Amino acid sequence: MSDHQLRTRTPAGPAPGPRTPGSRAAAAFRAAAPALAVYAGARALGLLAFWAAASAAGKDPLGPLSGRWDSVWYQRIAENGYRYTVTLPDGSVHSDLAFFPLLPALERAISEVTPLTLGGAGLLVAWTAGLLAAWGIFAVGAQLRGRRTGVVLAALWGVYPTAFVQSMAYTETLFTALAAWALYAVLRGRWIVAGALCVLAGLTRPTAAALIAALAITAAVTLVREYRDECRAGPVLRRHARMIAGVALAPLGWLAYVVFVAVREGSPFAYFDVQAQWGNNIDGGRALAAFIAGLPWPAALGLCAALGLLGWLVVLCVRQRQPLPVLVYAITIVVISLIGAGYFGSRPRLMMPAFPLLLPPAVALLRLRTTGRTAAVLAVLACASAAYGAWTLLGPGPP
């Protein structure tokens, strides 16, 4: 060995040991830090724009975020449990049983151990869950298309037109966080984790049905394909025991709440009756068609164009060959949002958890020649989203 080799050779140290869960979590956080920073910046811009607009209008900036519309119902449940109903002039009855229990349970728990009010606790849950959702969205995007795509995907979710709801004491961020990490767990083959997250999602929003369907259809396709190849059910089932257990676990949260409402009201279909009283029953899209037909023709054409763009995004997702659970989840969220009879203005936010629809635009943005151009487009979108959010929150109608 030469003198040069002796001088430059680095002494061998001990072989690195296995990575601990803490070190893996720290590494994952460092990888996601750019996505979290961009997402937090977009939401901070939205809050700043709303604060400025509310202050100029002489209104309380926190009121619309934690003390209006659905957030009031969640806080009432957190304080008193399920016992409140209101009868409207047309005779329909709105019951708080239409709202799932996880968010109010978290609000109550946080308010009991901190100085925060129920409204403040709701905002803490929403804002924390927003960061966790952005992290999960980044993780899915990075798994499918690399880290840069994950960063842009999280950023696009943060500048979604109705992203202002992510800053409200609503369930959108909590549900999206659970859904994103459940899908990531499926992509990594961690079916028990995915099933457990799906249980929590099923206690958060009824659209957990989309996540349940994603897990069930993916498992069914996997089992059928492998049985067709081997023609022996026993080995296939044993090999996928954890997948089957995760799928069996997935619907338990949603089912538990539906059964709770059924027992409380003394009817097996009570939950669906409650939703129908709120006008949230499934009508196959008739309410949407009637709404479009009742618009002036310029507005109707604009809405049809928006629906066409939505359909084109779905087509692009299929052409991208997104993994089956991701694709099933996104498409089912869109379908559920469109075929319900509920208030039309809420449909854009109901589709917000369908973040895989933003994967084609994220890939397209990364095809721009420079990072600066991508950043400029995201900045323009963030400003537009912030302005629209401030305008909507200061308006009379719910998002």
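Because the structure is a prediction, the values reported are computed rather than measured. The figures that follow rest on heavy atoms only: side chains count, while hydrogens, waters and symmetry mates do not.
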S.K.: Would a 4.5 Å heavy-atom cut-off, applied to side chains only, mark T149 and L366 as touching?
M.R.: yes

S.K.: Quick check for you: to the nearest 0.5 Å, what is the distance between L47 atom CG and L65 atom CG?
M.R.: 6.5 Å

S.K.: Looking only at non-hydrogen atoms, find the nearest pair between L378 and V159 and report the distance.
M.R.: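 Nearest pair, atom of L378 first, then V159: O-CG1, 4.3 Å.
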
S.K.: Ring centres under 6.0 Å, that's the criterion: do F355 and F138 meet it?
M.R.: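 Ring-ring flag for F355/F138: false, centres at least 6.0 Å apart.
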
S.K.: Taking F100 as the fixed residue, which of F260, Y74, Y271 is the one that meets the ring-ring contact (aromatic ring centres under 6.0 Å, His included) rule?
M.R.: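 Checked F260, Y74, Y271 against F100; only one passes ring-ring contact (aromatic ring centres under 6.0 Å, His included): Y271.
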
S.K.: Under the side-chain contact (heavy atoms from CB on, under 4.5 Å) rule, what do L310 and L338 come out as? Steps first, then yes or no, please.
M.R.: CA-CA 11 Å; L310 177 64; L338 293 181; 4.1 Å; yes

S.K.: Looking only at heavy atoms, what is the nearest atom pair of L197 and W181, with distance?
M.R.: CD1-C, 3.6 Å

S.K.: Does the side chain of W191 reach to within under 4.5 Å of the side chain of L249, using non-hydrogen atoms?
M.R.: no

S.K.: Flag the pair Y39 / W135 as yes when their ring centroid distance falls below 6.0 Å, and as no otherwise.
M.R.: no

S.K.: Can you give me the closest heavy-atom contact between V186 and A194, atom names plus distance?
M.R.: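 Taking V186 first and A194 second, the nearest heavy atoms are CG2-CB, 3.5 Å.
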
S.K.: Mind checking whether L132 and W157 sit in one hydrophobic cluster, side chains of I, L, V, M, F, W, Y counted as touching below 4.5 Å?
M.R.: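 Hydrophobic grouping puts L132 with W157.
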
S.K.: Are more than 12 heavy atoms, taken from residues, nucleotides or ligands other than R76, located less than 6.0 Å from that residue's CZ atom?
M.R.: yes

S.K.: Using the side-chain contact (heavy atoms from CB on, under 4.5 Å) criterion, which residues pair with V86? Sequence neighbours excluded.
M.R.: W73, Y84, H94

S.K.: Do the non-hydrogen side-chain atoms of L153 and L144 ever get within less than 4.5 Å of each other?
M.R.: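 No - every pair of side-chain heavy atoms lies 4.5 Å or more apart.
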
S.K.: If the condition is side-chain contact (heavy atoms from CB on, under 4.5 Å), which residues does A201 pass it with, not counting sequence neighbours?
M.R.: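 Partners of A201 under the side-chain contact (heavy atoms from CB on, under 4.5 Å) test: F175, L178, A208, L211.
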
S.K.: Over 60° means perpendicular and under 30° means parallel, so classify the ring planes of W391 and Y388, tilted if in between.
M.R.: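 Geometry flag for W391 against Y388: tilted rings.
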
